[in-house]
Amino acid sequence: MKKIILFFVFITTTIFANVVKEEKWPSGETFLTFLEKYSIPQKLYFDLEKEDKELCSEITADRYYYLKENEDGTLNQVLIPVSEDIQLHLYETDDGNYKFQALPISYREFTETIAIPIQTSISTELQKATGSAALTAHLKSIFSGVSFRTMQKGDFVVIKYTQKELLGKPLGQPDIKAAMVEVGNRKYYRFKNERDDKYYDQTGKAFTKFYFFKIPLTYKRISSHFTKRRFHPVLKRYRAHLGTDFAAPRGRKIYAAGDGKIEFIGRRGGYGKTIIIRHPNGYKTLYAHQNKFKSGLKRGRKVKRGQHIGYVGSTGLSSGPHLHLGLYKNGRAVNPLKVIRKPETVGLKGKKKKTFIANAKVQINKFEDIIKNENREKGTRLDRMVSTSQLNTSKEM
């Protein structure tokens, strides 16, 4: 047994770079069809633990995965990221069989501040400086109400943000910590308050509409909680469950957790009959293992919070009737109960507001130093602060 960095040596070691393929997961492909393509018995999948089967259902189209084949075209091993934190590892053992593992991802994360004078458009300048279209989209979303079209040549944008990376490619969405945009010599600020995940200006005024969800059914108990980083001390294996399971009788009504639009309705691998609803502010909810859907629903149909959408069942790979509720923010799986049970916050008050404003002033002074007169004709990129996740496990090599 020996310790290894969880993103395996066969990928990061250049000696094998010529045999490791980076591919995009095809639309319509499932973990089962992937096994079939390489003539791997599907019994491997059906023998998995419930949590691992559900993780296989989290594979999404166009996500990059990493593949190594043997000389005869059979599979040697594959790594399939299913979230920012978790990847599926399927590899060939010495006896020619295959073994499955769910593993944490060892990613690289950096925090940097960039300051860019506008020459053409904010989208063009940010794309040129960072290569990230997602950063521009995120910036515009937190400055709702500010007209970027009226920006003039010489106006400035300053952003402090954090981004995860995997093999030099962005992993997940950028996380803006603070930003300033200058429009016609007028400066606008947004600062993220980590306590409530909302954005405020320098006076403590909130600019993030808080989005409310409700528990989508009446239920007797929670049969499985959300967890994405749990190493089982007895089984000596990594386990994760990217949702909350509500045990309920077959046929009990399921309701939309919030206003939104149906993005998917149909069968989804081990999740069985599933509905995915896209909500405002980057949220999506997933309702899996349904017995049947409410009649009249289809992709693209708008639904209201509390609207009846389906019935509890046990379709897909399920040991009994329950609702698996998944919640995603900008593509990242989050604990549904933490959001559903989050109290409403109208704005910052008292000591919390004073502390926030004081911290905002410190950041504003830093921004002003960056764009002082001698820097106004050129962009500035400060040194990156880089960290790497240290999650390890062990495996027979």
Side-chain angles (χ1 to χ4, degrees), residues 54 57-58 83 141 144 173 193-199 206-228 240-266 268 271-316 318 320-347:
E54 290 193 339
S57 300
E58 294 281 343
S83 74
S141 71
S144 57
Q173 298 295 312
N193 182 16
E194 300 292 347
R195 290 179 176 271
D196 60 12
D197 208 29
K198 294 174 67 175
Y199 287 92
F207 280 88
T208 302
K209 180 181 178 182
F210 195 83
Y211 195 75
F212 285 101
F213 295 95
K214 62 174 289 184
I215 292 177
L217 79 169
T218 55
Y219 65 99
K220 293 185 178 298
R221 63 184 176 87
I222 295 175
S223 55
S224 186
H225 286 270
F226 177 94
T227 178
K228 58 183 180 180
H241 184 241
L242 301 183
T244 300
D245 288 352
F246 298 94
R250 189 185 307 273
R252 177 155 293 180
K253 290 183 178 179
I254 300 169
Y255 305 96
D259 297 350
K261 182 182 290 187
I262 295 176
E263 182 177 275
F264 176 87
I265 181 167
R268 186 181 172 94
Y271 279 146
K273 292 184 177 179
T274 300
I275 291 177
I276 298 175
I277 300 175
R278 185 173 72 250
H279 307 279
N281 297 345
Y283 283 106
K284 291 183 183 180
T285 47
L286 176 147
Y287 312 78
H289 304 300
Q290 295 188 48
N291 184 48
K292 63 179 180 177
F293 307 126
K294 176 75 169 61
S295 61
L297 296 181
K298 62 181 181 180
R299 183 182 177 191
R301 179 68 56 86
K302 290 183 177 180
V303 293
K304 289 288 188 180
R305 186 175 70 155
Q307 181 177 332
H308 178 205
I309 59 171
Y311 301 86
V312 170
S314 188
T315 57
S318 169
H322 72 285
L323 170 68
H324 172 92
L325 174 67
L327 179 66
Y328 305 83
K329 177 69 181 292
N330 295 325
R332 178 173 55 91
V334 296
N335 188 342
L337 294 185
K338 283 191 174 181
V339 176
I340 290 173
R341 294 175 178 173
K342 208 170 193 178
E344 179 179 6
T345 53
V346 177

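When reading the values below, keep in mind they use all heavy atoms of this one structure, side chains included, and skip hydrogens, waters and symmetry mates.
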Would a 4.5 Å heavy-atom cut-off, applied to side chains only, mark Ile309 and Ile277 as touching? yes
Taking the side chain as everything from C-beta on, heavy atoms only, tell me whether Val339 gets closer than 4.5 Å to Lys329. no
Without swapping roles, check the side chain of Thr315 against the backbone of Lys273 for a donor-acceptor pair under 3.5 Å. yes
For the CZ atom of Phe293 and the CD1 atom of Ile265, what is their distance to the nearest 0.5 Å? 4.5 Å
Just how far is it from atom CD1 of Ile275 to atom CG of Leu297, taken to the nearest 0.5 Å? 5.5 Å
Quick one: side-chain contact (heavy atoms from CB on, under 4.5 Å) partners of Ala333, sequence neighbours excluded? Phe226, Leu242, Tyr328
Minimum-distance pair of heavy atoms, taken over all atoms of Ala288 and Leu286: CB-CD2, 3.7 Å
For a side-chain contact (heavy atoms from CB on, under 4.5 Å) with Asp245, tell me which candidate from His324, Arg221, His225 qualifies. His324
If the test is side-chain contact (heavy atoms from CB on, under 4.5 Å), which one of Ile215, Thr244, Asn335, Leu327 qualifies with Ile340? Ile215
Let me check something: any side-chain donor-acceptor pairs from residues 247-256 under 3.5 Å, sequence neighbours excluded? List them with distances.
{"unit_1": "Arg252", "atom_1": "NH1", "unit_2": "Thr218", "atom_2": "O", "d": "3.0"}

Would you say Ser223 and His322 are linked by a side-chain donor-acceptor pair, where the criterion is simply a distance under 3.5 Å? no
Please, which pairs that meet side-chain hydrogen bond (donor to acceptor under 3.5 Å, both in side chains) have at least one residue in residues 285-309, sequence neighbours excluded? Glu54-His289, His279-Thr285, Thr285-Tyr287
